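I have placed the structure first, in the form of structure tokens, so that the comments after it can refer back to it.
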Amino acid sequence: LTLLVAAAVVRSHVGYYLRAIKDEPDAARSVGISLTRYKLVAIALSSALTAAGGTLYAQKELYIDPGSVLTTSLSIKVALVAILGGVSTLSGPVVGAVILTAIEEGSRRVFGGTGRGTDLVIYGLLIVGVAVFRPAGLLGLLEHRRRAPQAEQVPAPAPAAGGEHP
């Protein structure tokens, strides 16, 4: 549901306006885009999707309380899903969720119940690694590798004639 809504928004005029506001707010304002209006639209869409997700989560768990939904590890996981896969892409969070779930299950299998807190260390290392080496996330890495062979190679300048200087 979220991917469908996000894809529809990205392809609509609202998506273009939101991108313009993100990239160049002054330029967007100068062509008549109401920054306040479209920022409120973005907040409303985000709130509606978050509410839908929370509703489904509550139905799955049957009981929620602040201790079960406001944990630090859950907040880190939610942020890491987008960061790891690639921010500002539709499929980035999906890729991030698949990888993060695989890491979580793998660490659970290796450490069993005794590795409490190990997942947070792994998450922290992932956040630092992605932030330092690949800020665009894993999909950004794939996009970079896909474009690299297509880029034209500029030949290096030839050495100047005249030989070496004494």
Side-chain angles (χ1 to χ4, degrees), residues 1-25 27-28 33 35 38-61 64 66-151:
L1 174 68
T2 302
L3 284 176
L4 293 175
V5 170
V9 168
V10 165
R11 290 181 178 93
S12 71
H13 74 279
V14 174
Y16 292 119
Y17 289 173
L18 292 175
R19 253 190 316 279
I21 290 169
K22 178 187 126 205
D23 293 339
E24 291 290 335
I33 298 172
L35 271 59
Y38 287 100
K39 284 183 179 184
L40 286 174
V41 167
I43 290 170
L45 278 171
S46 174
S47 300
L49 293 172
T50 303
T55 301
L56 294 173
Y57 182 75
Q59 291 298 315
K60 175 187 165 277
E61 295 296 318
I64 59 172
S68 67
V69 294
L70 298 175
T71 61
T72 304
S73 65
L74 184 60
S75 298
I76 291 171
K77 285 180 200 177
V78 169
L80 187 58
V81 162
I83 293 169
L84 183 62
V87 179
S88 72
T89 62
L90 289 178
S91 54
V94 175
V95 171
V98 168
I99 292 171
L100 193 63
T101 302
I103 290 171
E104 187 177 62
E105 293 302 317
S107 69
R108 185 175 298 141
R109 184 178 302 138
V110 170
F111 298 113
T114 62
R116 194 134 176 95
T118 307
D119 55 342
L120 291 177
V121 172
I122 293 171
Y123 299 157
L125 291 172
L126 280 172
I127 289 173
V128 170
V130 169
V132 170
F133 298 110
R134 283 293 159 204
L138 295 177
L139 287 183
L141 172 66
L142 294 175
E143 182 68 20
H144 175 72
R145 287 196 178 171
R146 186 179 67 86
R147 288 184 182 178
Q150 296 173 355

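This structure is a prediction, so every number in the text was calculated from the model and none was measured. The residues of the chain are indexed from 1 along the displayed sequence.
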Heavy-atom closest contact ([X] atom, [Y] atom, distance):
{"X": "L3", "Y": "L90", "result": "CD2-O, 3.2 Å"}
{"X": "K77", "Y": "L100", "result": "O-CD2, 3.8 Å"}
{"X": "A20", "Y": "I33", "result": "CB-CD1, 4.2 Å"}
{"X": "G137", "Y": "V130", "result": "CA-CG1, 4.2 Å"}
{"X": "T101", "Y": "A97", "result": "OG1-O, 2.7 Å"}
{"X": "T71", "Y": "G67", "result": "CG2-O, 3.0 Å"}

*asked:* Is there a side-chain contact (heavy atoms from CB on, under 4.5 Å) between R19 and V10? Walk through the geometry before answering.
replied: CA-CA 9 Å; R19 253 190 316 279; V10 165; 3.8 Å; yes

Table please: side-chain donor-acceptor pairs of residues 49-60 below 3.5 Å, with sequence neighbours left out.
{"unit_1": "T50", "atom_1": "OG1", "unit_2": "S46", "atom_2": "O", "d": "2.7"}
{"unit_1": "T55", "atom_1": "OG1", "unit_2": "A51", "atom_2": "O", "d": "2.8"}

*asked:* My understanding is that only residues two or more places apart in sequence, or in another chain, count here; which of them pass salt bridge (charged side-chain N to carboxylate O under 4.0 Å, His left out) with E24?
replied: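 E24: no salt bridge (charged side-chain N to carboxylate O under 4.0 Å, His left out) contacts found.
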
*Minimum side-chain heavy-atom gap L126-I103 below 4.5 Å*: yes

*Listed partners of Y17 passing ring-ring contact (aromatic ring centres under 6.0 Å, His included), at least two apart*: H13, Y38

*Enter the distance from L80:CG to S75:OG here, rounded to the nearest 0.5 Å.*
12.0 Å

*asked:* Any side-chain to backbone donor/acceptor pair from T89 onto G85? Under 3.5 Å, distance only.
replied: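 Absent.
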
